[in-house]
Number of protein chains: 2
Amino acid sequence: MDEAPARLRGKASWLINKTSLHAHRLRSEALAPVDAHGYHFAVLAALEEGEPASQADLSRRTGIDRSDMVEMVNELVDHGFVVRMPDQADRRRNVITMTATGRRRLAQLDDLLTQAQGELLAPLSAAERKQLLALLGRVLAYHAERSG
Amino acid sequence: MDEAPARLRGKASWLINKTSLHAHRLRSEALAPVDAHGYHFAVLAALEEGEPASQADLSRRTGIDRSDMVEMVNELVDHGFVVRMPDQADRRRNVITMTATGRRRLAQLDDLLTQAQGELLAPLSAAERKQLLALLGRVLAYHAERSG
DNA sequence: GGCTATCGTTGGCTTCGCCAACGTTGGATT
DNA sequence: AATCCAACGTTGGCGAAGCCAACGATAGCC
């Protein structure tokens, strides 16, 4: 790509979107070799922090739509990373539990993603990376609070 | 959305992606009332910095695919913001020129996007906004250089 | 004159985030 | 107890975004 117009380079929406594309590409490249989906990490991470959980719980924590969560849990079950069982106390729900293999998978994906993050933020110093993540985190927290 | 897992909150790819979604939503909401597309601004901005230009030129500068550029120019022509003419010197190309109306449109979209940016970065101070844009700019410049 | 590259254009593909609807179940209200 | 409403998992589908392949036409190079 040639040099982008100054007007574009100053627009947050453009900067963030383009950066997001690079991040997505790097993430996909990092996860493809182990046949993983970005959502898998999100679900396992959410599960780790509150186990067991219903699919609706996981949806709320990850921001992944319930309907998409169904397929993600399917895949995780197929690989033996989680177990899905009907909730006896509330038969509308499924109880999702992580397996030992799932825990190892979570660690593996975390490693791969951390590595991909290193490539993404390569031009930044450690302090700057921290700064960037903090700023994004604050923006995100702000908007998460006012839109569910 | 409930509180996101710590593991997710620390992953750049997740933070950037989620932020990008908010940015995209705000941008769409800002531009919808005037029936504009985010790409329209990109094309007009690129055109402003180097006019006239071929569609391929605009593609390279904006990062928009040539095939998508066709439709964008169609729409801009329909609204009278740009003029498309065959290049006499190189008959493979089209010469795209901005009209006076197009220049006003560019200013209008810039205003709307600046406003949307204000909402997106609302929780940040002026200095922090500047910092965020600068960091993203550097990340972007780095990756733009090594992948065309 | 022949090879290669570029251009605009068409058509299509995949992913992603999202929404609507359904049947099932639980909880609250009356 | 009967009724109403909300939540759950699931299916199916939608639109936008980014991307790629291929084509005919044209230009430049050897």
Side-chain angles (χ1 to χ4, degrees), chain A residues 1-2 13-14 16-29 31-32 36-40 42-43 52-77 82 84-96 143 147-148, chain B residues 1-2 13-14 16-29 31-32 36-43 52-77 82 84-96 147-148:
Chain A
M1 193 167 74
D2 287 5
S13 124
W14 189 80
I16 292 178
N17 188 43
K18 286 292 182 192
T19 309
S20 173
L21 287 180
H22 284 291
H24 185 273
R25 180 178 47 79
L26 289 169
R27 187 180 59 188
S28 297
E29 288 173 2
L31 297 185
H37 191 286
Y39 280 175
H40 293 171
V43 174
S54 71
Q55 294 178 198
D57 288 337
L58 297 175
S59 289
R60 279 185 291 267
R61 289 189 225 154
T62 58
I64 300 174
D65 193 87
R66 320 186 274 180
S67 59
D68 300 320
M69 183 61 67
V70 175
E71 177 61 15
M72 289 306 115
V73 174
N74 284 344
E75 295 176 12
L76 291 173
V77 167
V82 304
R84 174 199 267 141
M85 291 183 54
D87 188 335
Q88 300 299 346
D90 185 345
R91 306 222 309 278
R92 292 171 301 182
R93 307 188 180 201
N94 288 335
V95 177
I96 311 298
H143 289 285
S147 76
Chain B
M1 192 167 74
D2 288 5
S13 125
W14 189 80
I16 292 178
N17 189 42
K18 287 291 183 193
T19 309
S20 174
L21 285 180
H22 283 290
H24 184 274
R25 180 177 46 79
L26 289 169
R27 187 181 57 188
S28 296
E29 288 174 3
L31 297 185
H37 191 287
Y39 280 174
H40 292 172
F41 174 75
V43 174
S54 71
Q55 294 178 198
D57 287 338
L58 297 175
S59 288
R60 278 185 291 266
R61 288 190 226 154
T62 58
I64 301 173
D65 193 85
R66 311 187 282 179
S67 60
D68 300 318
M69 183 61 67
V70 175
E71 176 61 16
M72 289 306 117
V73 174
N74 284 345
E75 295 176 13
L76 291 172
V77 166
V82 306
R84 174 199 267 139
M85 290 182 55
D87 189 335
Q88 300 302 346
D90 184 343
R91 307 221 310 275
R92 293 172 300 181
R93 306 188 181 202
N94 287 336
V95 176
I96 311 299
S147 76

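Letters A, B, ... mirror the listed sequences (proteins, then strands); counts begin at 1. Just so you know, these numbers come straight off a predicted model, no measurement behind them. Computed over heavy atoms, backbone and side chain alike; hydrogens, waters and symmetry mates excluded.
The closest donor-acceptor contact from the side chain of B/S54 to the backbone of B/V95 lies at 3.5 Å or more, if one exists at all.
For D/dA16, neither phosphate oxygen OP1 nor OP2 lies less than 4.0 angstrom from any side-chain nitrogen or oxygen of B/H37. Under 4.0 angstrom from either OP1 or OP2 of C/dT15 there lies no side-chain N or O belonging to A/H24. Of the side-chain N and O atoms in B/N17, none sit less than 4.0 angstrom from OP1 or OP2 of C/dC16. Contact between the side-chain N/O atoms of A/R91 and the OP1/OP2 oxygens of C/dG27 is not found at any separation under 4.0 Å. Note on B/N74: every side-chain N or O is 4.0 Å or more away from OP1 and OP2 of C/dG8. The side chain of B/Q55 places no N or O atom within less than 4.0 Å of a non-bridging phosphate oxygen (OP1 or OP2) of C/dT6.
Taking CZ of B/R66 as the start and CG of B/D57 as the end, the distance is 12.5 Å to the nearest 0.5 Å.
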| task | Take A/H24 and B/I16 through the side chain to side chain contact (heavy atoms under 4.5 Å, CB included) test and state the conclusion after the steps. | result | CA-CA 9 Å; A/H24 185 273; B/I16 292 178; over 6 Å; no
| request: Decide yes or no on side chain to side chain contact (heavy atoms under 4.5 Å, CB included) for B/V43 and B/M69, but give the supporting numbers first. | output: CA-CA 8 Å; B/V43 174; B/M69 183 61 67; 3.7 Å; yes
| task | Might you work through the side chain to side chain contact (heavy atoms under 4.5 Å, CB included) test for A/H143 and B/L26, ending with a clear yes or no? | result | CA-CA 11 Å; A/H143 289 285; B/L26 289 169; 4.0 Å; yes
Restricting both atoms to N or O, compile the protein contacts to nucleotides 20-23 of chain C shorter than 3.5 Å, with distance only.
{"residue": "C/dA21", "atom": "N6", "partner": "A/R66", "partner atom": "NH2", "Å": "3.4"}

I'd like a table of atom pairs between the protein and nucleotides 28-30 of chain D - only N or O on both sides, under 3.5 Å - with the distance next to each one.
none

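Annotation for B/R61 and B/A53: closest pair NH2-CB, 3.5 Å, computed over non-hydrogen atoms. When all heavy atoms of A/P86 and A/N94 are compared, the closest pair comes out as CA-OD1, 4.0 Å. Nearest heavy atoms, A/V70 versus A/R84: O-NH2, 3.3 Å. Summarising the geometry of A/T62 relative to A/A42, their closest heavy-atom pair is CG2-O, 3.5 Å, with the distance given to 0.1 Å. Heavy-atom minimum distance, B/S13 versus A/A23: CA-CB, 4.1 Å.
Between A/R25 atom CZ and D/dC19 atom P there is a gap of 9 Å when expressed in whole angstrom units. D/dG15 atom P lies 16 Å from atom CD of B/E71, rounded to whole Å. To the nearest angstrom, P of C/dC16 lies 11 Å from CG of A/L31. The CE-P distance, from B/M69 to C/dT10, rounds to 15 Å in whole Å. The distance from atom CD1 of B/I64 to atom P of D/dA16 is 16 Å, rounded to the nearest whole Å. If you take CD of A/Q88 and C1' of C/dT24, they are 15 Å apart, rounded to a whole angstrom. One can place CG of B/N94 at 11 Å from P of C/dT10, the figure rounded to the nearest angstrom. Distance, B/E29 CD to D/dA16 P: 15 Å, rounded to whole Å.
Counting non-hydrogen atoms under 4.0 angstrom, A/D68 reaches a base of the nucleic acid.
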